[in-house]
Number of protein chains: 2
Amino acid sequence: MIRTNTAFLDFILANQDRYPKSLVQELSIEKGHKLIRQRSLVNAVSIINEGIAKCYLYQDDGTDFILEFFGPGEVVGEIEMLNNEFSFAAVEALTPMTVLRLTRDRFIELLTKDPVFNNHVLKLLAGKVKYKATRFSFTQTHTLEQTLTKMLEDMPDLLEVISKKDLVSYLGITKRSLNRTLKNLKEQGHI
Amino acid sequence: MIRTNTAFLDFILANQDRYPKSLVQELSIEKGHKLIRQRSLVNAVSIINEGIAKCYLYQDDGTDFILEFFGPGEVVGEIEMLNNEFSFAAVEALTPMTVLRLTRDRFIELLTKDPVFNNHVLKLLAGKVKYKATRFSFTQTHTLEQTLTKMLEDMPDLLEVISKKDLVSYLGITKRSLNRTLKNLKEQGHI
DNA sequence: AAAAGTAAAGGACATTTGTCCCACCAGTAG
DNA sequence: CTACTGGTGGGACAAATGTCCTTTACTTTT
């Protein structure tokens with residue numbers, strides 16, 4: 001549920017000496033800081049080194065919808081870079097983070113000149129497609145109780161790591177529904 | 001709602017002479033035929049030239065969930081190819097189709113040797129991510145009536161092109177709910 | 001045209017989820 | 001200490017959606 005990509009992070013870290021500091025900049029991000037704002041220009045790609053971020057959309061009606069939780073190795077901003085469009089989602093640090101940041105030019109350069117880097121980006125995009133597809137399919141065709149049960153099986157410490165507020169946004173439901181369902185699961189002994 | 005990618009199709013068609021027939025094979029597909037089966041090996045990438053296909057997941061409980069409708073220029077099988085995994089979704093022709101098919105090796109070769117081809121694939125994946133993200137966010141945070149209203153605004157001939165059965169799978173709802181909501185929209189004069 | 005078979009529409013009720021609101025508790029400013 | 005604040009949990013009811021089954025409409029057959 002918190003997505004990671006150690007293969008890519010390892011690759012980047014292993015090659016960091018080949019990428020001068022000025023081009024792959026290591027940054028610390030405070031909790032709550034936005035790596036990307038919605039509907040803004042994105043001019044850098046960030047690879048998460050440490051920490052967790054949420055990637056979410058906010059709708060006209062004020063509700064947030066969290067698409068993914070990003071952990072180490074996940075990449076942020078590449079979609080906007082490729083599409084040459086304003087960001088369609090926002091990304092915000094849920095914990096203190098460190099990220100490796102590539103400028104737009106450097107990202108494009110690596111993409112065209114380093115086939116291994118290019119392949120990592122292709123795979124990572126394919127992974128995002130697959131993740132969204134399976135997650136939304138499941139969420140859409142199962143009740144909240146079924147979805148929550150599965151999430152808690154996959155990640156027993158879910159409720160310690162992700163705030164209820166964020167969980168609510170991730171599932172696209174209300175606080176009330178989450179509380180009610182958690183209560184049911186407890187009464188049934190599933191938690 | 002039916003996704004297309006004319007830029008990519010134009011590029012492929014314009015370069016077809018450079019790609020020998022044996023390597024970019026043009027195929028006719030009958031309505032109902034599956035371009036990809038779920039949980040199977042995929043050894044070719046298909047670019048849709050004409051016709052419409054549905055890309056869907058089937059779950060354990062027997063329900064289908066349609067992820068996207070693909071039209072001309074959309075690409076099928078590239079995700080499995082990149083991830084080197086069995087297919088996670090199925091793709092089936094809704095109309096008679098023609099597709100341009102690349103073998104695995106040819107796809108990899110173009111990806112590594114043709115930067116323009118590579119860039120098209122990157123963009124196309126980024127587009128799929130964005131499409132899924134915005135669509136699911138909307139569906140999850142709006143009622144069926146709101147979602148249907150928007151779909152009918154975007155595509156007034158929706159009900160003529162897509163069967164109710166497929167619409168139900170696309171929205172992850174039941175036939176009953178669709179009928180009820182359509183009836184309401186008619187009574188309100190929105191259709 | 002009548003009968004039979006099949007798919008689509010919808011009524012009645014059940015379940016799931018949302019809305020509104022209140023009670024409770026911890027922190028903290030006055 | 002008191003009063004205010006923000007966050008959390010949950011009761012009561014409303015709305016949305018699903019399940020089950022009947023009715024309608026439309027083919028096909030005879």
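Scope of the values below: all heavy atoms of this structure, side chains included, with no hydrogens, waters or symmetry mates. First the proteins, then the strands, lettered A, B, ... as listed; each starts at 1.
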Name all residues meeting the salt bridge (Lys or Arg N to Asp or Glu O under 4.0 Å) criterion together with [X]; count only those two or more places apart in sequence or in a different chain, and write none if there are none.
X        : result
A:Arg180 : none
B:Glu187 : B:Lys183
B:Lys175 : none
B:Lys123 : none

Scan the side chains in residues 147-154 of chain B for donor-acceptor partners under 3.5 Å anywhere in the protein, sequence neighbours excluded, and list what turns up.
from	atom 1	to	atom 2	distance (Å)
B:Thr147	OG1	B:Thr143	O	3.0
B:Thr149	OG1	B:Glu145	O	2.6

Side-chain donor/acceptor pairs under 3.5 Å, residues 73-85 of chain A, sequence neighbours excluded:
from	atom 1	to	atom 2	distance (Å)
A:Glu78	OE2	A:Lys128	NZ	2.7
A:Asn84	OD1	A:Arg104	NH2	2.9
A:Glu85	OE1	B:Lys130	NZ	2.4

Set of ring-ring contact (aromatic ring centres under 6.0 Å, His included) partners for B:Phe69, sequence neighbours left out: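 By the ring-ring contact (aromatic ring centres under 6.0 Å, His included) rule, B:Phe69 matches B:Tyr170.
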
Determine, step by step, whether B:Asn49 and B:Ile12 satisfy the side-chain contact (heavy atoms from CB on, under 4.5 Å) criterion, reporting the C-alpha distance in whole Å, the side-chain angles of both residues, the deciding distance to 0.1 Å, and the verdict. CA-CA 10 Å; B:Asn49 186 28; B:Ile12 293 288; over 6 Å; no

Going 5' to 3' along DNA chain C, which are the first and last nucleotides with any atom under 4.0 Å from a heavy atom of chain B?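 Endpoints of the contacted stretch of DNA chain C: C:dA9 to C:dA12.
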
Taking only N and O in the side chain of B:Thr174, is any of them less than 4.0 Å away from OP1 or OP2 of D:dT17?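 So the side-chain polar atoms of B:Thr174 never come under 4.0 Å of the phosphate oxygens OP1 or OP2 of D:dT17.
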
Give the B/S/- string for nucleotides 8-16 of chain D, one per nucleotide from 5' to 3', where a protein heavy atom under 4.0 Å of the base yields B, of only the sugar-phosphate yields S, and otherwise -. BBBBB----

